[in-house]
Amino acid sequence: MVVIALKLRGADLSGLDLSDANLRGADLRQADLSGADLSGADLDGADLRWAILHDSADLSRAHLNGADLHGAILRKAVLRKADLSGTDLSGVNLCIGDLREANLTGADLTDAKCNANTKWPGDFDPEAAGAVLVDD
């Protein structure tokens with residue numbers, strides 16, 4: 001099987017329907033994915049550093065295992081039931097985000113910003129995981 005790594009660095013993909021897309025290992029650094037439908041997409045190992053995924057970008061059921069989202073903007077993003085295991089979420093903005101039922105096993109949440117309206121899985125303690133509660 002041949003795997004081609006997509007290079008979409010800085011691309012404007014806002015509002016696109018990318019549901020169930022195979023974006024495994026894609027270079028999406030600084031891409032604008034605001035409002036995009038990425039539900040069920042395979043983003044395992046993708047580079048999403050500093051990507052814009054706000055305004056209700058739908059990442060529900062997405063596979064982000066081992067992805068790098070350092071510094072990404074996920075404000076109001078939907079990450080319900082997403083696989084975020086081993087994902088770098090350091091420094092991301094998760095304010096008003098929905099992470100209910102997400103798998104956060106081994107995820108790095110160091111300095112990730114969240115607020116009282118961020119929805120977390122079950123009894124997950126974001127501050128113990130390194131996230132910072134902000135007034136936003």
Side-chain angles (χ1 to χ4, degrees):
M1 176 167 87
V2 177
V3 177
I4 299 170
L6 293 175
K7 295 190 183 215
L8 298 167
R9 183 178 186 172
D12 182 357
L13 305 171
S14 58
L16 290 182
D17 182 354
L18 298 167
S19 56
D20 299 313
N22 182 354
L23 297 167
R24 180 182 288 257
D27 181 355
L28 291 159
R29 286 176 285 174
Q30 301 171 338
D32 184 354
L33 292 152
S34 55
D37 182 356
L38 291 154
S39 59
D42 183 351
L43 290 154
D44 286 348
D47 189 346
L48 290 150
R49 288 177 286 170
W50 304 103
I52 302 166
L53 292 147
H54 62 74
D55 291 338
S56 301
D58 187 355
L59 291 133
S60 58
R61 299 179 286 85
H63 301 274
L64 291 144
N65 186 280
D68 188 348
L69 282 108
H70 174 83
I73 301 170
L74 290 157
R75 181 179 171 80
K76 296 184 182 179
V78 179
L79 292 150
R80 282 190 86 161
K81 297 183 181 180
D83 181 3
L84 297 161
S85 55
T87 301
D88 184 354
L89 295 165
S90 60
V92 301
N93 182 337
L94 291 166
C95 291
I96 316 174
D98 185 352
L99 291 96
R100 289 178 284 183
E101 301 178 68
N103 179 359
L104 291 165
T105 305
D108 182 1
L109 287 158
T110 305
D111 296 325
K113 294 168 186 60
C114 62
N115 64 5
N117 295 313
T118 304
K119 296 173 182 81
W120 297 98
D123 59 356
F124 183 78
D125 183 350
E127 291 181 74
V132 178
L133 186 63
V134 297
D135 293 326
D136 189 88

Exercise for the section: Classify the side-chain pair S85/N65 by whether it contains a donor and acceptor separated by less than 3.5 Å. Expected result: yes

Practice task
Please tell me if the side chains of L38 and L53 come closer than 4.5 Å, counting only heavy atoms from C-beta onward.
Solution key: yes

Handout entry: Residues which pass salt bridge (charged side-chain N to carboxylate O under 4.0 Å, His left out) with D47, listed by chain and number, not counting sequence neighbours
Key = R29, R49

Exercise for the section: Evaluate the salt bridge (Lys or Arg N to Asp or Glu O under 4.0 Å) criterion for residues D27 and K7: first the C-alpha distance (whole Å), next the side-chain angles of each, then the deciding distance (0.1 Å), finally the verdict. Expected result: CA-CA 5 Å; D27 181 355; K7 295 190 183 215; 5.7 Å; no

Practice task
With sequence neighbours excluded, give me every side chain to side chain donor-acceptor pair (under 3.5 Å) pair touching residues 116-128.
Solution key: N115-T118

Practice task
Would you indicate whether the side-chain heavy atoms of C95 and R75 approach each other to under 4.5 Å?
Solution key: yes

Practice task
Would you indicate whether the side-chain heavy atoms of L59 and L74 approach each other to under 4.5 Å?
Solution key: yes

For residues 102-109, dump all side-chain donor-acceptor pairs below 3.5 Å to protein atoms at least two apart in sequence or in another chain.
unit_1 : atom_1 : unit_2 : atom_2 : d
N103   : OD1    : T105   : N      : 3.0
N103   : OD1    : T105   : OG1    : 2.7
D108   : OD1    : T110   : N      : 3.0
D108   : OD1    : T110   : OG1    : 2.6

Handout entry: Same apolar cluster (I L V M F W Y, side chains within < 4.5 Å links), F124/L99
Key = yes

Completion exercise
For D17, the side chain to side chain donor-acceptor pair (under 3.5 Å) test, sequence neighbours excluded, returns S19

Practice task
Using the rule that two of Ile, Leu, Val, Met, Phe, Trp, Tyr join whenever any of their side-chain heavy atoms come within less than 4.5 Å, decide whether V78 and L33 are in one cluster.
Solution key: no

Exercise for the section: Please collect all ring pair (Phe, Tyr, Trp, His ring centres under 6.0 Å) contacts where either partner lies in residues 40-83, sequence neighbours excluded, each pair once. Expected result: W50-H70

Exercise for the section: Please tell me if the side chains of L69 and L64 come closer than 4.5 Å, counting only heavy atoms from C-beta onward. Expected result: yes

Problem - Pairing of D55 and K76 as salt bridge, 4.0 angstrom limit - result: no

Problem - Side chain to side chain, L23 and D42, heavy atoms closer than 4.5 Å - result: no

Fill in the blank from the handout: Across all chains, not counting sequence neighbours, the salt bridge (charged side-chain N to carboxylate O under 4.0 Å, His left out) partners of R9 are none

Exercise for the section: Find out if a path of hydrophobic residues (ILVMFWY) with successive side-chain heavy-atom gaps under 4.5 Å connects L48 to I73. Expected result: no

Practice task
Determine, stepwise, if the pair D58 / L79 fulfils side chain to side chain contact (heavy atoms under 4.5 Å, CB included).
Solution key: CA-CA 7 Å; D58 187 355; L79 292 150; over 6 Å; no

